[in-house]
Protein chains: 2
Amino acid sequence: MHNPSKKSSEPHSLSLSFELFNEIGIVAQLARSKLTDQLPEGLMSSHFGVLNHLIRIGDGPTPMKLASAFQVPKTTMTHTLKGLVANQLVDIKPCSEDGRSKRVWITDAGHQLRQQTIANMGPELAGLLNNIPDQQLQTMIKNLTTIRQQLDANRGS
Amino acid sequence: MHNPSKKSSEPHSLSLSFELFNEIGIVAQLARSKLTDQLPEGLMSSHFGVLNHLIRIGDGPTPMKLASAFQVPKTTMTHTLKGLVANQLVDIKPCSEDGRSKRVWITDAGHQLRQQTIANMGPELAGLLNNIPDQQLQTMIKNLTTIRQQLDANRGS
DNA sequence: GTTATATGGTGCGATATCGCACTAAATAAC
DNA sequence: GTTATTTAGTGCGATATCGCACCATATAAC
């Protein structure tokens, strides 16, 4: 499968590149489906994504920051946050420094839901990765992060 | 970053597993956004996904096969195919062997659109992967395929 | 055969996502 | 200061996605 004649500085074949993104898309779809099943009625993967982001990156971002992080339109984030507020999983307060902006804070219930979901799904997800050596897992995460950052960088182009 | 004390047969840490799927989800979202921008008005990544699948896997699957492949509800695939038919990118004909089923065939226009889209996006996607050695790319695809197959296997659970 | 069950596909209503237009506030130009 | 431009957020209409109910056909049970 590996082509030893190819130098690492050469571009990858288009088909191979496409195949990678294709696999990424399918796995993401399958994982999203499983995640949605785990969440309480009325909550989607998008809601969980925001909660997870608030814990991972830190509390108090503006809705615009969140929309940018997930690369979704502002209106989509407005709608997602509306659902989170309705379920009392986040609080939204006006930004004292910028009258246009608001800031998003996760509630205790939000924190708890995120913890519970990870506890519920974690073992199953980890099970899927059992056949993958730890080093390869680390490498995958590193490479995916690199790809994400590059995609993030030229999002306007 | 690598933990040499961990045996490969031990389960990965929950946080690491979650981080992997998180990165997969974000990259997929970003790539989907780019793909949608490339497609003509009225077509989404879901439409392209079907066209790509028909070329990759082969012509003539039933809608149910397609829904299963992408792990989306039947109704979603019905809707997606309706859009493809409306744009004359696929043909749907009744299945001669099973009166309940139909079969999906890609048209010349569909084939052409898929080719054109790959030509448009391919270089950009490949560029994102330039920093990744070819062998790591191969390994990523292999592991993602493994994960997908396992997710596919126990989709009912 | 007849009946029960399983499967492929669709219609319909509810929610999610998105593009466009708009308001309010901040920033820049002058 | 006044005006023009940019930016954050929302309302609204259109499409996408999904769960549920339903029909048609195929398969299994008998």
Side-chain angles (χ1 to χ4, degrees), chain A residues 25-26 28-50 60-87 90-104 155-156, chain B residues 25-26 28-50 60-87 90-104 155-156:
Chain A
I26 295 177
Q29 162 68 20
L30 295 173
R32 170 166 41 244
S33 177
K34 286 227 177 263
L35 173 57
T36 303
D37 291 345
Q38 286 287 337
L39 292 173
E41 186 65 27
L43 294 179
M44 316 271 304
S45 63
S46 50
H47 297 119
F48 176 82
V50 171
T62 66
M64 195 56 208
K65 275 268 189 189
L66 290 171
S68 178
F70 289 99
Q71 196 68 4
V72 296
K74 313 184 285 183
T75 55
T76 301
M77 187 52 60
T78 298
H79 184 74
T80 303
L81 290 174
K82 199 177 294 183
L84 286 168
V85 169
N87 285 276
V90 303
D91 285 327
I92 299 184
K93 303 175 181 176
C95 178
S96 58
E97 298 176 357
D98 189 331
R100 298 167 300 180
S101 294
K102 300 179 176 179
R103 301 183 68 182
V104 182
R155 56 192 153 153
Chain B
I26 295 177
Q29 162 67 19
L30 296 173
R32 170 166 42 246
S33 177
K34 286 226 177 262
L35 174 57
T36 303
D37 291 346
Q38 286 286 338
L39 293 173
E41 186 65 26
L43 294 179
M44 316 271 304
S45 63
S46 50
H47 298 118
F48 177 82
V50 171
T62 66
M64 195 58 207
K65 275 269 189 187
L66 290 171
S68 178
F70 290 100
Q71 194 68 4
V72 297
K74 313 184 283 184
T75 54
T76 301
M77 186 52 60
T78 298
H79 185 74
T80 302
L81 290 174
K82 199 177 295 183
L84 286 169
V85 170
N87 286 275
V90 302
D91 285 328
I92 300 184
K93 303 175 181 177
C95 178
S96 57
E97 298 174 357
D98 189 331
R100 297 168 300 181
S101 294
K102 300 179 177 178
R103 300 184 68 183
V104 183
R155 56 193 153 151

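Throughout, protein chains are lettered first and strands after them, A, B, ... in sequence-line order, and every chain is numbered starting at 1.
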Q: Measure CZ/A:R32 against C1'/D:dC18 and give the value in whole Å, please.
A: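 These atoms are roughly 13 Å apart.
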Q: What is the distance from atom SG of B:C95 to atom CZ of B:R100, rounded to the nearest 0.5 Å?
A: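 These two atoms lie 9.5 Å from each other.
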Q: So, taking the atom named OG in B:S101 and the one named CD1 in B:I92, what distance separates them when rounded to the nearest 0.5 Å?
A: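 Reported to 0.5 Å precision, the distance equals 12.0 Å.
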Q: Please figure out whether A:D98 or A:G42 has its closest DNA chain C nucleotide nearer the 5' end.
A: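 The residue mapped nearer the 5' terminus is A:G42.
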Q: Could you tell me whether A:T76 contacts a base, only the sugar-phosphate backbone, or nothing, with contacts defined as non-hydrogen atoms closer than 4.0 Å?
A: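 A:T76: base contact, heavy atoms under 4.0 Å.
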Q: When you get a sec, tell me which of D:dA16, C:dG9, C:dA25 is the closest nucleotide to the side chain of A:R100?
A: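 Looking only at side-chain atoms, A:R100 lies closest to C:dA25.
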Q: Write down the atom of B:G25, the atom of A:A28, and the distance for their closest heavy-atom approach.
A: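 Heavy-atom minimum between the residues: CA-CB, 4.2 Å.
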Q: To the nearest 10°, give me the bend of the helix from C:dG1-D:dC30 to C:dC30-D:dG1, comparing the axes of its five terminal pairs at either end.
A: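 Rounded value for the end-axis angle: 30°.
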Q: In terms of side-chain heavy atoms of A:Q29, which of C:dG9, D:dC18, C:dT7 is nearest?
A: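 Among C:dG9, D:dC18, C:dT7, the one nearest the side chain of A:Q29 is D:dC18.
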Q: Expressed as a whole number of angstroms, how long is the span from B:L81:CG to C:dG9:P?
A: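 After rounding, the reported distance stands at 9 Å.
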Q: Of all the choices, C:dG9, D:dG9, C:dG11, which nucleotide is nearest to the side chain of B:K102 once you look at every atom?
A: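 Nearest to the side chain of B:K102 among the choices is C:dG9.
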Q: If I take atom NZ in residue A:K65 and atom P in nucleotide D:dG9, what distance separates them, rounded to the nearest angstrom?
A: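 Taking NZ of A:K65 and P of D:dG9, I get 11 Å after rounding.
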Q: With a 4.0 Å cutoff (strictly under), does any side-chain N or O of B:S46 reach OP1 or OP2 of D:dA16?
A: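 So the side chain of B:S46 is outside the cut-off, no N or O lying under 4.0 Å from OP1 or OP2 of D:dA16.
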Q: Quick check: closest heavy atoms across A:H47 and A:G42, and the distance to 0.1 Å?
A: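 Taking A:H47 first and A:G42 second, the nearest heavy atoms are CE1-O, 3.7 Å.
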Q: Using a heavy-atom cut-off of under 4.0 Å over every strand shown, decide if B:K82 touches base, sugar-phosphate, or nothing.
A: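 Sugar-phosphate, backbone atoms only, no base.
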Q: For C:dG8, does either OP1 or OP2 sit under 4.0 Å from a side-chain N or O belonging to B:T62?
A: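 No, because none of the side-chain N or O atoms of B:T62 sits under 4.0 Å from OP1 or OP2 of C:dG8.
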Q: Look at all strands and tell whether B:T80 reaches a base, only sugar-phosphate, or nothing, counting heavy atoms closer than 4.0 Å.
A: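 The answer is sugar-phosphate, as B:T80 gets under 4.0 Å only of primed atoms, P, OP1 or OP2.
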Q: Can you tell me how far C1' of D:dG9 sits from NE2 of A:H79, to the nearest Å?
A: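 Spelled out: NE2 on A:H79 to C1' on D:dG9 is 15 Å.
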Q: In Å, rounded to the nearest 0.5 Å, how long is the span from CE of A:M44 to CG of A:L84?
A: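 These two atoms lie 12.0 Å from each other.
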Q: Nearest whole Å is fine: how far is D:dT25 P from B:R103 CZ?
A: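 It is 19 Å, rounded to the nearest whole Å.
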Q: Distance check: side-chain N/O of A:T78 vs OP1/OP2 of D:dG9, anything under 4.0 Å?
A: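 So the side chain of A:T78 is outside the cut-off, no N or O lying under 4.0 Å from OP1 or OP2 of D:dG9.
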Q: Which atom names give the shortest non-hydrogen contact between B:L35 and B:F48, and what distance separates them?
A: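 Result for this residue pair: CD2-CD2, 3.7 Å.
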Q: With side chains defined as the heavy atoms from C-beta onward, is the minimum distance between A:P63 and A:T78 less than 4.5 Å?
A: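 No - every pair of side-chain heavy atoms lies 4.5 Å or more apart.
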Q: With a 4.0 Å cut-off on heavy atoms, is B:T36 in touch with a base, just the backbone sugar-phosphate, or nothing at all?
A: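 Nothing, no nucleic acid heavy atom in range.
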Q: From CE of A:M77 over to P of C:dC18, roughly how many Å is that when rounded to an integer?
A: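 The distance from CE of A:M77 to P of C:dC18 comes to 10 Å, rounded to the nearest Å.
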Q: How long is the line joining CG of A:N87 and C1' of C:dA16, in whole Å?
A: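 My rounded result for the distance is 15 Å.
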Q: Please round to the nearest 0.5 Å and tell me the distance separating atom CD of A:Q29 and atom OG of A:S45.
A: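 Result: 9.0 Å between the selected atoms.
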Q: With no angle test and no hydrogens, is the base of C:dG9 tied to the side chain of B:K74 by a donor-acceptor pair under 3.5 Å?
A: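 Donor-acceptor pair under 3.5 Å: yes.
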Q: Once you round it to whole Å, what is the distance between P of D:dT25 and CE of B:M64?
A: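 That distance rounds to 19 Å.
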